[in-house]
Amino acid sequence: MATPIVLDCDPGHDDALAIMLAAAHPALRLLAISTVAGNQTLDKTTRNAQRICDVAGIRNVPVVAGRAEPLRGNQVVAGDVHGESGLDGPRLGPPVTPVTSTDGIGYVRDLLRARPEPVTVVATGPLTNVAALLLAAPDVAGRIDRVVFMGGSTGQGNVTPYAEFNVYADPEAADIVLHSGIPVTMCGLNVTHQALADADVQQRITAIGSPLARVCVELLGFFASTYRDIWGFPAPPLHDPVAVALLAEPGVVETTRTRLDIELTGTFTRGATVVDLYRRTGRPPNADVAVGLDTGRFWDMVVAAIAALST
Ligand code: RIB
Ligand code: CA
């Protein structure tokens with residue numbers, strides 16, 4: 001039976017492919033897409049989620065808008081990476097898919113309470129919405145089977161030397177989710193930087209030959225330019241679909257159970273994910289952390305999802 005999920009995201013080029021994989025993979029049942037401020041402001045990430053549903057023909061999945069600000073601290077966006085719109089590259093028209101609710105937290109709360117079985121939350125943006133939901137409705141923690149989030153890293157960060165963007169944007173939210181008692185899986189840069197959408201991948205997507213495939217290649221083209229200019233990457237890493245793939249096909253992403261803590265106060269390290277891979281602290285394990293990616297299977301899944309949505 002397909003795993004029911006809610007995808008919380010901040011589209012975002014890689015979030016766009018995560019939405020497509022979540023909608024198309026037969027092992028998953030995408031119940032709702034909730035948006036959060038992150039790569040861009042909430043109005044833009046929400047508009048982008050709508051437009052991705054339009055272009056991918058995703059019709060039966062509610063898009064709901066969550067929080068516009070982090071729980072604490074100043075808002076950071078990633079316009080340098082994702083552009084002014086948050087989805088620069090392709091020319092996409094005004095959204096047609098409606099926003100089902102502007103109270104995304106309340107919508108997901110009610111969805112979780114109404115479901116007969118627990119739901120997995122996949123988060124590919126800052127964890128603000130998930131934390132806000134748990135603070136507002138603690139009872140729903142029992143309705144969430146697991147939180148799988150793209151964020152953090154077992155090593156270097158990307159927005160500061162030791163902090164990855166999603167966790168850096170709202171470290172308190174990540175800490176709340178981590179200590180909620182809900183099983184947590186972290187899919188960090190140490191793995192997602194292996195998911196490079198290189199020329200071969202882009203050629204495979206182009207060969208699908210659909211308007212959706214063309215949009216995906218245009219998204220990747222823009223994403224490649226910013227990753228080259230900022231970090232000198234030879235190809236753009238498609239972070240967010242890795243978190244979806246982890247859930248859809250166990251074995252595509254290798255994980256290890258270990259200790260994860262979030263640095264909240266470090267002068268130079270606020271937002272860092274402190275992963276005790278060598279179990280040196282003696283602190284009890286509290287998370288499953290991604291440490292490996294089967295890139296061949298991963299790209300097969302991504303290409304298959306785009307093809308499936310292209311029919
Ligand atoms: O650090 C990469 C993460 O931050 C990805 O989820 C990207 O979309 C941005 O949200
Ligand atoms: Ca994202």
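All ligand and atom numbering here is 1-based and tracks the order in the structure. The first residue in the sequence is number 1, and the count goes up from there.
In this structure a side-chain-to-backbone donor-acceptor pair under 3.5 Å is present from Gln202 to Ala197. Side chain of Asn190 to backbone of Thr154: a donor-acceptor contact under 3.5 angstrom is found.
Of the heavy atoms in Asp10, only side-chain atoms (C-beta onward) come closer than 4.0 Å to ligand 1. Residue contacts with ligand 1 for Asn158 involve side-chain atoms from C-beta outward but no N, CA, C or O (heavy atoms, distance under 4.0 Å). Heavy atoms of Val159 found under 4.0 angstrom from ligand 1: none, in either backbone or side chain.
Near Asp14, meaning under 4.0 Å from any of its heavy atoms, are these atoms of ligand 1: 5 (C), 6 (O), 7 (C), 8 (O). Listed by number with element, the atoms of ligand 1 under 4.0 Å from a non-hydrogen atom of His239 are 2 (C). Of all the atoms in ligand 1, the ones that sit under 4.0 Å from a non-hydrogen atom of Glu164 are 1 (O), 2 (C), 3 (C), 4 (O). Applying the 4.0 Å criterion to heavy atoms of Asn166 picks out, from ligand 1, the atoms 3 (C), 4 (O), 5 (C), 6 (O), 9 (C), 10 (O).
In this structure, Lys44 pairs ionically with Glu84, as a charged nitrogen and a carboxylate oxygen lie closer than 4.0 Å. Using a 4.0 Å cut-off between charged nitrogen and carboxylate oxygen, Arg270 and Glu263 do not count as a salt-bridge pair.
Rounded to 10 degrees, the OD2-metal-OD1 angle spanning Asp15 and Asp10 at the Ca ion (ligand 2) equals 70°.
Considering Asp288, Leu178, Thr185, Val274 as possible partners of Leu260, the one that fulfils the side chain to side chain contact (heavy atoms under 4.5 Å, CB included) test is Leu178. Checked against Asp276 for a side chain to side chain donor-acceptor pair (under 3.5 Å), the options Asn286, Thr281, Thr258 give a single hit: Thr281. Here the options are Leu189, Asp15, Val167, the test is side chain to side chain contact (heavy atoms under 4.5 Å, CB included), and the partner is Met150; only Leu189 passes.
At least one N/O-N/O distance between Asn39 and ligand 1 falls below 3.5 Å.
Between Phe222 and His82, a ring centre-to-centre spacing not shorter than 6.0 Å is recorded.
Within Asp240, the N, O or S atom lying nearest to the Ca ion (ligand 2) carries the name OD2.
For the Ca ion (ligand 2), the set of nearby N, O or S atoms under 3.0 Å includes none belonging to Asp14. The Ca ion (ligand 2) has Thr124 among its coordinating residues (N/O/S atom, backbone or side chain, under 3.0 Å).
Ring geometry, His193 versus Tyr227: the interplanar angle exceeds 60°, so the pair is classed perpendicular (tilted spans 30 to 60°).
Remark: minimum distance from atom 6 (O) of ligand 1 to any protein heavy atom is reached at Asp240 OD1, 2.5 Å.
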